[in-house]
Amino acid sequence: MIQRINLSLPHLLLLVLLVSVTDRGLCIRLPDRVSTTVKYPSDTPLKTAVFALGSFWRSEAVFGCLDGVVRVTAGYAGGSKFNPEYRSLGDHAESVKVEYDPQLISFRKLLDVFWSSHDSRQVFGQGPDVGNQYRSIIFTNGTEESSLAAVSKEREQMKSRSNIVTTQILPLGAFYTAEPEHQKFELKRSSLLLQLMGNLAEEELERSTLAAKLNGYAADLCPPRMQRQIDAKINDIIKRGWPVLREM
């Protein structure tokens, strides 16, 4: 069944930079739910990187909008507690698991994004978030990643000797996926973007490459080129009146 609704004032305010609204009302058709999504080809050999750089709400958004990143998952790593939870982390850090296509983006590039996206010199927190769970960590899979991480840390330290880079480099142990309410957190704050995707089920949303990109877009953390590309897609959908955004 197709519902027909008029956009509310908050939605119009969100869209004012994307479309020119004429005197006639702007209306789009919203499906109850689209059950199928465009998935990344399953035979593509992906690699996985895990980082901790403060709140995983923001960290997930930072990496999700990069070309070559297929999925990003918020979770917990770096500690000894079995099955940690948000209210009971133990000694784990809020972390993000980044699944990526190494033919499109390298581990070096992910390291560059890691360093530029947080203050690696801040002790016991990030920004207003204070606590051991917000510490800075690069988790590595093997000797090559460990070497790349160490070189990048030294390079970061050389930018300023007045403060010590606190980032740890640790071998990756267990990664525990965070609760559903912490996945795609920024995207879920935008009902319009969720509707434009067709109101995906939670499990589809968590694994969707498009959702990962729109999560970064919702947080205004996409690279400028990607930001413009998403703007254009949304603009086109609004003009056509059919809101299902399937791919980017």
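What you see is a predicted model, and the numbers here were worked out from it, not measured in a lab. All values below were derived from every heavy atom in this structure, side-chain atoms included, with hydrogens, water molecules and symmetry-related copies excluded.
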For residues [X] and [Y], is any side-chain donor paired with an opposing acceptor at under 3.5 Å?
X: S55; Y: D129; value: no
X: Q122; Y: N163; value: no
X: S120; Y: W115; value: no

Closest non-hydrogen atom pair between [X] and [Y], with its separation:
X: S59; Y: L53; answer: OG-CG, 3.3 Å
X: T209; Y: V70; answer: OG1-O, 2.8 Å
X: R58; Y: L221; answer: NH2-CD2, 3.7 Å
X: A49; Y: F107; answer: CB-CE1, 3.9 Å

[X] versus [Y]: any side-chain heavy-atom pair under 4.5 Å?
X: L194; Y: L205; result: yes
X: F56; Y: H182; result: yes
X: T140; Y: I169; result: yes
X: V113; Y: L66; result: yes
X: N132; Y: R135; result: yes
X: D67; Y: I105; result: no

May I ask you to decide if [Y]'s main-chain N or O and [X]'s side chain share a donor-acceptor pair within less than 3.5 Å?
X: S88; Y: P84; result: no
X: S95; Y: A93; result: yes
X: S152; Y: A149; result: yes
X: Q157; Y: K153; result: no
X: H92; Y: K81; result: yes
X: K184; Y: A212; result: no
X: S208; Y: E204; result: no
X: E186; Y: G216; result: no
X: D101; Y: L46; result: no
X: S117; Y: F114; result: no

Is the ring centre of F124 less than 6.0 Å from the ring centre of Y134? no
Decide yes or no on salt bridge (Lys or Arg N to Asp or Glu O under 4.0 Å) for R189 and E181, but give the supporting numbers first. CA-CA 11 Å; R189 298 173 66 185; E181 60 266 30; over 6 Å; no
List the steps, then state whether side-chain contact (heavy atoms from CB on, under 4.5 Å) holds for L214 with M197. CA-CA 9 Å; L214 290 180; M197 292 184 66; 3.5 Å; yes
Steps toward side-chain hydrogen bond (donor to acceptor under 3.5 Å, both in side chains) verdict (Q183, N215): CA-CA 9 Å; Q183 308 298 333; N215 190 50; over 6 Å; no
Taking S136 as the fixed residue, which of H118, Q168, R121 is the one that meets the side-chain hydrogen bond (donor to acceptor under 3.5 Å, both in side chains) rule? H118
Indicate the ring-plane relationship of F51 and F63, choosing parallel, tilted or perpendicular according to the 30° and 60° boundaries. parallel
Got more than 12 heavy atoms from elsewhere within 6.0 Å of NZ, K188? yes
Is it true that [X] and [Y] have a side-chain N and a carboxylate O under 4.0 angstrom from each other?
X: E156; Y: K159; result: yes
X: R108; Y: E144; result: no
X: K97; Y: E60; result: no

CG/L200 to CZ/R207 distance, rounded to the nearest 0.5 angstrom? 13.5 Å
Run the side-chain donor-acceptor check on residues 171-180: report pairs under 3.5 Å with partners two or more places apart or on a different chain.
from : atom 1 : to  : atom 2 : distance (Å)
E179 : OE1    : Y76 : OH     : 2.6
E179 : OE2    : Y86 : N      : 2.9

